[in-house]
Student: 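Please see the structure below; I have some questions.
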Amino acid sequence: YTPRTLFPYTTLFRSLPSLLRDAERYRYSRDIAYSAITEEGHRIIVELPMPSCQASGAGEYLDISIDAAMGKGERS
């Protein structure tokens, strides 16, 4: 193997901690989610307190909220 052919694997290896954190967040949110029927139809709902910090969008707010609920305290 050459460094060029190993590049995708080293990139994946470096991304592994972040991927594992995202998988843990997904499993947590899946475990606390519930379904509801609204006027708009069926919805999956994950209720978490809204963080009081600044974030760049709903996805970042969701990560921060899940981390806080899981006792992690900070998003990475």
Side-chain angles (χ1 to χ4, degrees):
Y1 294 102
T2 67
R4 175 169 265 186
T5 59
L6 291 175
F7 177 74
Y9 301 106
T10 57
T11 301
L12 179 62
F13 182 74
R14 287 187 194 126
S15 300
L16 192 56
S18 177
L19 294 171
L20 292 173
R21 281 190 299 275
D22 287 344
E24 188 177 12
R25 285 186 189 113
Y26 167 77
R27 285 188 300 272
Y28 182 83
S29 61
R30 180 195 61 201
D31 289 346
I32 65 168
Y34 62 91
S35 62
I37 299 174
T38 67
E39 291 179 8
E40 294 85 21
H42 293 296
R43 298 286 186 251
I44 301 298
I45 299 170
V46 177
E47 283 191 67
L48 293 166
M50 182 77 166
S52 59
C53 61
Q54 292 292 325
S56 62
E60 188 174 358
Y61 277 119
L62 180 61
D63 285 349
I64 293 167
S65 296
I66 292 170
D67 288 346
M70 292 172 59
K72 303 284 181 180
E74 70 178 49
R75 181 186 175 283
S76 38

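FYI, side chains are in, hydrogens and waters are out, and symmetry mates aren't considered; it's all heavy atoms of this structure.
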Student: Run through L20, L62, D63 and flag the one making a side-chain contact (heavy atoms from CB on, under 4.5 Å) with R25.
Tutor: D63

Student: Does a sphere of radius 6.0 Å around CD in E39 hold more than 12 heavy atoms from other residues, nucleotides or ligands, not counting ones at 6.0 Å or beyond?
Tutor: no

Student: Kindly state each residue pair satisfying side-chain hydrogen bond (donor to acceptor under 3.5 Å, both in side chains) with at least one member in residues 27-36, sequence neighbours excluded.
Tutor: Y34-E47

Student: Rounded to the nearest 0.5 Å, what's the gap from CG on L12 to OH on Y9? Could you check?
Tutor: 9.5 Å

Student: Is Y61 isolated, or which residues cluster with it under the ILVMFWY side-chain rule of less than 4.5 Å, directly or via members?
Tutor: M50

Student: Would you compute the distance between atom CD of E24 and atom CG of L19 and round it to the nearest 0.5 angstrom?
Tutor: 13.0 Å

Student: Just how far is it from atom CD1 of I32 to atom CG of L48, taken to the nearest 0.5 Å?
Tutor: 4.0 Å

Student: What pair of heavy atoms forms the shortest contact from S65 to P49, and how long is it?
Tutor: OG-O, 3.1 Å

Student: Other residues, nucleotides and ligands only: do more than 12 of their heavy atoms fall within 6.0 Å of CZ on R14?
Tutor: no

